[in-house]
Every structure is written in C-alpha cells, then in structure tokens.
Amino acid sequence: MKQFISIALFSIMVLFAKAQEPKSWAPAYFSKDYVVVAISSKTTDDELLQIRKNILKYSSIRFTNFDVIRAKDGSIYFLSMEVDCRDSYSGKISHAFEPGDTSYYGFVRDYSLNTYKKPFFIGNLLSDFSGINHVEEYIQQQQQKDEQNNNSQE
C-alpha cells in the first residue's frame, strides 16, 4: 500500500513538473509555417508587449480586441482576445485563470502545406484539439537542422 501511494505521489509530481516546463512556443513563436501566441497566468507585461510587436512585424494577423486583468499578485486573472488572420480565419476567446492554472490560452495559425486539417485554432493550447503537438515537432526538427548546420560549418 505504501508503494502504491509513493508511486501515485511521484506520478503526480512528474505531471505537475511537466506542466510547469517552459514551452518552446510560449509566449509566442513565429516562422514561415506557424504563428503561435500563448498566454498563461504568468505572462508578463513585457512579454505581452513583445507579442504585440512581433505580431505586427512577422505576420499579417491582427488583434481586434486584447485585454488582460491582473490579480493583486500580478498574475493574469482574466484574458480576452479576438484575432483576425486576414485570410478568412478569425476567432475570440475569454478565459479566467484560477489559482494554480498552468494552461496556455491563445491561438495557432498553421500556414504549412500539411495543415493537419486545422489551419487555425484558438483556445486552450494544451488541448488535444489545438494541434500544438505538430508545432512542437516542427520546432524540434528545426532545432535539429540548425544543430546539423552548425556542426557541418565547424
């Protein structure tokens, strides 16, 4: 019985640690194939400003509405976002972050030829429906290519 409890507690700790890991696509990721904006309760004002600058610089996507309400501790309590990709894809979300909420809310715009039948998603990016796993695979492949290029130049 003690072993079962120990294993269960260890599993919970591993899952919690995984949820706390920084994501390679957060708070934003821009490439020719993907645009990702991911807001968590811990996203800072500087990160939000950088997201807005990079959206203007690297894409044609525009926020038609973007608002955050912060709690007394400085974390984001409420997020409201409306996005127009200017290519017939648009959407809006509103989310209240509860204490301890480690989710990421935002959007993924997939410009790749292999669009996984989901060229645009807005909502909880950790959801199975978001398609974020394809972005993670893409980023890993790009990092491997970069490492190979760097190694071949040496």
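Numbering starts at 1 and runs along the sequence shown.
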Can you tell me how far NZ of K145 sits from CG of N150, rounded to the nearest 0.5 angstrom?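 Reported value, rounded in 0.5 Å steps: 14.0 Å.
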
So, taking the atom named CD1 in I132 and the one named NZ in K118, what distance separates them when rounded to the nearest 0.5 Å?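 It comes to 12.0 Å.
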
Side chain of S130, backbone of L125: donor and acceptor closer than 3.5 Å?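 At least one qualifying donor-acceptor pair exists.
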
Can you tell me how the ring of Y29 sits relative to the ring of Y138, calling it parallel under 30°, perpendicular over 60° and tilted otherwise?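 If you compare the ring of Y29 with that of Y138, the planes turn out perpendicular.
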
Test Y105 against every option in I76, I93, L126, I122 by the side chain to side chain contact (heavy atoms under 4.5 Å, CB included) rule and name the one that passes.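 Output: one option passes, namely I93.
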
Would you please say whether a donor-acceptor pair under 3.5 Å links the side chains of S31 and D33?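 S31 vs D33: no donor-acceptor pair found between side chains.
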
Would you kindly say whether H95 and N124 are connected by a side-chain donor-acceptor distance under 3.5 Å?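 Not at all, the side chains of H95 and N124 share no donor-acceptor pair under 3.5 Å.
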
Contacts table for residues 56-67: side-chain donor-acceptor under 3.5 angstrom, sequence neighbours left out:
from, atom 1, to, atom 2, distance (Å)
S59, OG, I55, O, 2.9
S59, OG, I61, N, 3.2
R62, NH1, S59, O, 3.2
N65, ND2, S80, OG, 3.4

Contacts of type salt bridge (charged side-chain N to carboxylate O under 4.0 Å, His left out), residue R52, not counting sequence neighbours: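 Scan of R52 (salt bridge (charged side-chain N to carboxylate O under 4.0 Å, His left out), adjacent residues dropped) gives none.
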
What side-chain donor-acceptor pairs closer than 3.5 Å can you find for residues 36-44, not counting sequence neighbours?
from, atom 1, to, atom 2, distance (Å)
S40, OG, K42, N, 3.2
T43, OG1, S40, N, 2.8
T43, OG1, S40, O, 3.1
T44, OG1, E47, N, 3.1
T44, OG1, E47, OE1, 3.4

Run the ring pair (Phe, Tyr, Trp, His ring centres under 6.0 Å) check on W25 and Y104 step by step: do they pass? CA-CA 10 Å; W25 39 262; Y104 289 88; 5.2 Å; yes

Nearest heavy-atom neighbours spanning G91 and F120: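 Between these two residues, the closest heavy atoms are N-CE2, 3.9 Å.
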
Minimum heavy-atom distance Y34-S112, with the two atoms named: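 Answer, listing the atom of Y34 first, then S112: OH-OG, 3.9 Å.
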
Using side chain to side chain contact (heavy atoms under 4.5 Å, CB included), reason through V68 and L48 one step at a time and then give a plain yes or no. CA-CA 10 Å; V68 297; L48 293 175; 4.0 Å; yes

Sequence neighbours excluded, which residues qualify as side chain to side chain contact (heavy atoms under 4.5 Å, CB included) partners of [X]?
| X | result |
| --- | --- |
| D87 | C85, Y89, R109, Y111 |
| Q143 | I139 |
| A71 | D73, S75, Y77 |

Side chain to side chain, F107 and F121, heavy atoms closer than 4.5 Å: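 With C-beta onward as the side chain, the pair stays apart.
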
